[in-house]
Amino acid sequence: MRIDILSIFPEMIRDAVGVGLLGKALENGLLDVHAHDIRDFATGRHRSVDDTPYGGGAGMLMQCGPIFDAVESLRPVNSLRRIVLLSPRGKRLDQAMVRDFAAEPDLVLLCARYEGVDERVSEALVTDEVSIGDYVLSGGELPALVLVEAISRMLPGVIGDWESVETDSFYEGLLGPPQYTRPETFRGRTVPEIVRSGNHAAIRRWKRKEALRTTLLRRPDLLETTARRHLNNEDYNMLAEIESEMPIGEKENQP
Ligand code: SAM
């Protein structure tokens, strides 16, 4: 998969993609990330890419010209299937969107700065607007990196053990279960006996039940939405068990 990222701070992208599993994925050719400087497409003496907004208001806006030219320099625009603008006004990113993007052969990510972009960029160029959450950052570079890293985990070969992806939070709409490593006892807290038992069927059931419990306690909304279509009869039985195990006060707070 190829991802082109347009930004006025391309070094932020280049510095960050070289490390960890993402860096390995690039090294192994499983993913190809190219960062481009939008300023290279500015025409004035000062290479400025922004101007004041029509109608007044605070701050500056990124102009259409350099952005259109930067995108058009990549490949013919009609051959670019998805051009994604990172924006707090976009659709909030979730795992289903990540999987959908990961299925594309290529993507263009557009990172804004200042107060954002001229609306005609969204109207005429952008296919998707993506937000990484209900808060405002100063630029789209970190959101673009969030998206790239999340996509990379969905690409075959990037994560050595696919089971670890399948048991990650949100894979089936649930939060992940608690996890433990050595030592067996740390400052008086001992790892639950069942995960040390070697009984794989019992461990699998325990992990599923604890994933359901964590989701019920922390994100009950997920059980009503994304997780719902992955739940089977055994899951519903376990949820009933979990509810019966809850102290009275906690039960009353459940939806
Ligand atoms: N005036 C814009 C608004 O109210 O929607 C905010 C502009 S913000 C200061 C500058 C840029 O940072 C945005 O255009 C976008 O590219 C990026 N950005 C900031 N917060 C973001 C978020 N939550 N998700 C995705 N991108 C974000």
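The structure displayed is predicted, hence computed values, not measured ones. Every number for a ligand or one of its atoms is a count from 1 in the order of the listing.
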**Q** I need the contact residues for ligand 1: any residue with a non-hydrogen atom closer than 4.0 Å to the ligand, ordered by chain then number.
**A**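 These residues qualify: L86, S87, P88, R89, A112, Y114, E115, G116, V130, S131, I132, G133, Y135, V136, L137, S138, G139, G140, P143.
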**Q** Show every salt bridge (charged side-chain N to carboxylate O under 4.0 Å, His left out) that has at least one partner inside residues 8-32, sequence neighbours left out.
**A**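 Applying salt bridge (charged side-chain N to carboxylate O under 4.0 Å, His left out) to every pair that reaches into residues 8-32, excluding sequence neighbours, yields nothing.
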**Q** Which heavy atom of E141 sits nearest to which heavy atom of S7, and what is that distance?
**A**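 It is OE2-OG, 2.7 Å.
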**Q** For residues 183-193, pull every pair meeting salt bridge (charged side-chain N to carboxylate O under 4.0 Å, His left out), keeping only residues two or more places apart or in separate chains.
**A**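 Those involving residues 183-193 are E184-R196.
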**Q** What salt bridge (charged side-chain N to carboxylate O under 4.0 Å, His left out) pairs are there with at least one residue in residues 35-48, not counting sequence neighbours?
**A**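 Sorted result for residues 35-48: D40-R47.
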**Q** With a 3.5 Å distance limit and no angle check, can you tell me whether S131 reaches the backbone of K91 through a side-chain donor-acceptor pair?
**A**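 Looks like no, no N/O pair under 3.5 Å.
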**Q** Using 4.0 Å as the upper bound for N to carboxylate O, is an ion pair formed by D4 and R75?
**A**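 The answer is yes: the pair qualifies as a salt bridge.
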